[in-house]
Amino acid sequence: MNKIKMTTPLVEMDGDEMTRILWKMIKDELLLPFIDLKTEYYDLGLKYRNETDDKVTLDSAEATKKYGVAVKCATITPNAARMDEYDLKEMWKSPNGTIRAALDGTVFRTPIKVKGIEPCVKNWEKPITLARHAYGDVYKNTEIKIPCAGKAELVFTGDDGQKIRKTIHEFTGSGIIQGIHNTDKSITSFAKSCFAYALDTKQDLWFATKDTISKVYDHNFKDIFQEIYDSEFKDKFEEAGIEYFYTLIDDAVARIMRSKGGIIWACKNYDGDVMSDMVSSACGSLAMMTSVLVSPDGVYEYEAAHGTVQRHYYKHLAGEETSTNSVATIFAWTGALRKRGEIDNLPELMEFADKLEKATLGTIESGKMTKDLSLMTTLDNVTILNSQDFIKAIRQNFEAM
Ligand code: NAP
Ligand code: MG
């Protein structure tokens, strides 16, 4: 059989623990036998990040800017316990944070829908993609616990010498205050990534804030989105037959619950934090959630939404059998390969991605699945497979297709 050719390399970011084990299995069983796989490989496993003083992470982000498409395995974000476990020189930052900052991108998370794993919300016929603005607001706050009566003020001192001063509150006793911020630059990048991704996936885009209460802060988000839509995207949206819809956050929540899905929901940082957990838990599990980082100038990095599945990895190291779900990691690869095929005009590569996804979902629908899915499926006659056998079953199904 002739293998499918690629013209431009994918940026491949390897990772840690159980997902690193799955990564190799997926390549060996599902990709290398069928594709003349071209990748530029970066080892983001914690050991090598430590050896290179985390330079490898920055290099992989630069390569992503150069080539336009990356696929990433889950990676460890070091904490105190990892300092000892990996004998780290420093508590290196989260690779995802580093890459997101370098690409100035927004993360879009979408549940993978499959028969037998039904969302709790019955009318969600299509997946809801959640886009979270990952900068500022309460996540970069400054807080003071007010000890006694007194006046709290908000003061801005411009580099040009101007001063803006407002009273927050005249305290008569103890209390609390909080200062938060955002930048027009970050909101603009967020808006552009959202509009670009909506066009790319041909889905309506919803955005919501609380601008009736926050008449300056939230209103600024609304205005920036509207300006960018009107000046850069309105015509393209109309041509694609999709819609940009702005509403209040409480109205958006009510409408989402009654919707059929198939939309992109852009959220401010805090709303996105809360709502992404609601949408993902209503749809099954993190193991069935894909994630793609999109930069405002159209660079894509695909990954699974879950972590390195540490608990399973320790079982694997102890020689025990694992049943770790590889679906989201497979979909990270198919997403990246399809995008590469689209950019390089390689219909065979795009077809391969579609088929591999179909084979993966078909395997689950035929009753063969990993343990996590067996616990929530509505299907009868389920066979629980181990990590390796599940991937082998997908290969069999793929070859039969
Ligand atoms: P996790 O790896 O997502 O796993 C948490 C639990 O969720 C697992 O123990 C497992 O439950 C279940 N689970 C997650 N993915 C699964 C899969 N594919 N198949 C089956 N079950 C799955 O989160 P964590 O244990 O909190 O984090 C482990 C490491 O991942 C940390 O070092 C963290 O820094 C890193 N992390 C990385 C990313 C990323 O790179 N994008 C994201 C999040 C976390 P049971 O144990 O009950 O089976
Ligand atoms: Mg959260």
Side-chain angles (χ1 to χ4, degrees), residues 12-23 25-26 42-47 49-50 54 56-57 60-61 70-86 88 91-101 103 105-112 114 117 132 134 273 276-277 280-281 283-293 301-318 320-333 335-336 360 363-364 369-377 384-391 394:
E12 175 184 355
M13 304 170 175
D14 207 346
D16 286 300
E17 300 195 310
M18 199 59 209
T19 40
R20 189 179 178 100
I21 307 285
L22 297 179
W23 196 258
M25 288 179 188
I26 291 168
Y42 292 86
D43 183 0
L44 300 198
L46 186 50
K47 185 167 173 289
R49 272 184 278 151
N50 190 53
D54 208 22
V56 65
T57 307
S60 73
V71 57
K72 180 179 170 293
C73 180
T75 47
I76 292 169
T77 298
N79 56 15
R82 303 294 196 171
M83 294 294 291
D84 294 337
E85 186 182 353
Y86 285 84
L88 299 181
M91 203 184 283
W92 307 109
K93 286 193 208 144
S94 146
N96 289 59
T98 302
I99 296 164
R100 193 170 58 212
L103 300 185
T106 296
V107 173
F108 296 83
R109 283 180 155 201
T110 311
I112 299 164
V114 58
I117 313 289
R132 173 180 173 189
D273 186 352
S276 64
D277 282 7
S280 63
S281 62
C283 290
S285 81
L286 267 189
M288 294 294 282
M289 180 78 73
T290 60
S291 183
V292 55
L293 175 75
E301 181 244 306
Y302 293 83
E303 64 176 317
H306 60 78
T308 60
V309 212
Q310 180 181 17
R311 208 181 62 82
H312 294 209
Y313 181 58
Y314 289 152
K315 276 177 70 179
H316 170 83
L317 287 183
E320 288 174 51
E321 192 170 75
T322 58
S323 181
T324 314
N325 188 336
S326 46
V327 173
T329 306
I330 293 170
F331 273 60
W333 274 101
T360 304
T363 304
I364 297 169
M369 58 189 77
T370 44
K371 184 161 172 247
D372 56 317
L373 296 182
S374 74
L375 299 173
M376 57 182 145
T377 185
I384 300 176
L385 298 178
N386 66 35
S387 307
Q388 175 88 57
D389 287 348
F390 178 62
I391 291 171
I394 294 171

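Values in this document were obtained by computation on a predicted structure and should not be read as measured data. Each ligand, and each atom within it, is numbered from 1 in the order the structure gives.
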message: Using heavy-atom distances only, which candidate in S291, S94, G307, A304 approaches atom 38 (C) of ligand 1 most closely?
response: G307
- line: among protein heavy atoms, the one nearest atom 14 (C) of ligand 1 is H306 CB, 4.0 Å
query: Counting heavy atoms only, which of R82, K72, Q310 is nearest atom 32 (O) of ligand 1?
result: R82
task: Compare all side-chain heavy atoms of D16 with those of Y313 and state whether any distance is below 4.5 angstrom.
output: no
- request: Taking only heavy atoms of A74 into account, list the atoms of ligand 1 that are under 4.0 Å away from them.
  value: 40 (O)
Distance-only N or O hit between ligand 1 and E303, under 3.5 Å: yes
task: Heavy atoms only: give me the nearest D372-A287 pair and the separation to one decimal.
output: OD2-CB, 3.5 Å
query: Is at least one protein non-hydrogen atom found at under 4.0 angstrom from atom 5 (C) of ligand 1?
result: no
message: Under 4.0 Å from a heavy atom of A287: which atoms of ligand 1 are those, numbered in the order shown and with their elements?
response: 16 (C), 17 (C), 18 (N), 19 (N)
field: Beyond-backbone contact of S60 with L44, side-chain heavy atoms, under 4.5 angstrom
entry: yes
- prompt: Could any protein non-hydrogen atom be found less than 4.0 Å from atom 34 (O) of ligand 1?
  reply: yes
Reference residue I364; test side chain to side chain contact (heavy atoms under 4.5 Å, CB included); the match among N325, T370, T377, L373: L373
task: Side-chain contact test, heavy atoms from C-beta onward, threshold under 4.5 Å: evaluate it for W92 versus L46 and give yes or no.
output: yes
message: On a heavy-atom basis, I'd like to know which of N325, L373, T329, L44 is closest to atom 19 (N) of ligand 1.
response: N325
- request: Kindly give the heavy-atom pair with the smallest separation between Y302 and G335, and that separation in Å.
  value: CZ-O, 3.5 Å
query: Considering only protein heavy atoms, which is closest to atom 40 (O) of ligand 1, and at what distance to one decimal place?
result: T75 N, 3.0 Å
- prompt: Can you find a pair of side-chain heavy atoms, one from R20 and one from T308, that are under 4.5 Å apart?
  reply: no
task: Taking all non-hydrogen atoms of both residues into account, name the closest pair between Y86 and N50 and its distance.
output: O-ND2, 4.3 Å
message: Any protein heavy-atom neighbour for atom 46 (O) of ligand 1 (distance below 4.0 angstrom)?
response: yes
Candidate list R109, R100, K72, test salt bridge (charged side-chain N to carboxylate O under 4.0 Å, His left out), partner E303, passing option: K72
message: I need the nearest protein heavy-atom contact for atom 12 (C) of ligand 1: residue, atom name and distance, please.
response: V309 CG1, 4.7 Å
statement: Note: heavy atom closest to atom 39 (C) of ligand 1, options T370, T322, N96, V327, belongs to N96
task: For residues S387 and L22, report the shortest heavy-atom separation together with the two atoms involved.
output: CB-CD2, 4.1 Å
Which atom of A80 lies closest to which atom of M91, heavy atoms considered: N-CE, 3.7 Å
- prompt: Less than 4.0 Å between atom 24 (P) of ligand 1 and some protein heavy atom, yes or no?
  reply: no
- prompt: Is T324 close to ligand 1, meaning an N/O of one under 3.5 Å from an N/O of the other?
  reply: no
- prompt: Under a 4.0 Å heavy-atom limit, does R311 contact ligand 1 with its side chain, its backbone, both, or neither?
  reply: side chain
- prompt: Can you tell me if M18 has a non-hydrogen atom under 4.0 Å from ligand 1?
  reply: no
- request: Mark whether atom 17 (C) of ligand 1 lies under 4.0 angstrom from at least one protein heavy atom.
  value: yes
field: ligand 1 contacted by K371 (non-hydrogen, < 4.0 Å)
entry: no
Check: P78 and R49 side chains under 4.5 Å, non-hydrogen atoms: yes
field: For atom 48 (O) of ligand 1, closest protein heavy-atom neighbour
entry: H312 NE2, 2.8 Å
Carboxylate-amine/guanidinium contact E17 R82, below 4.0 Å: yes
task: Return the minimal non-hydrogen interatomic distance between T106 and R132, and the atom names on each side.
output: CG2-O, 3.9 Å
statement: Quick look: N79 vs ligand 1, heavy-atom contacts under 4.0 Å, and the answer is neither
message: Can you confirm, on distance only, whether ligand 1 has an N/O atom lying under 3.5 Å from any N/O atom belonging to T77?
response: yes
field: Taking atom 28 (C) of ligand 1 as the reference point, the nearest protein heavy atom with its distance
entry: T308 OG1, 3.4 Å
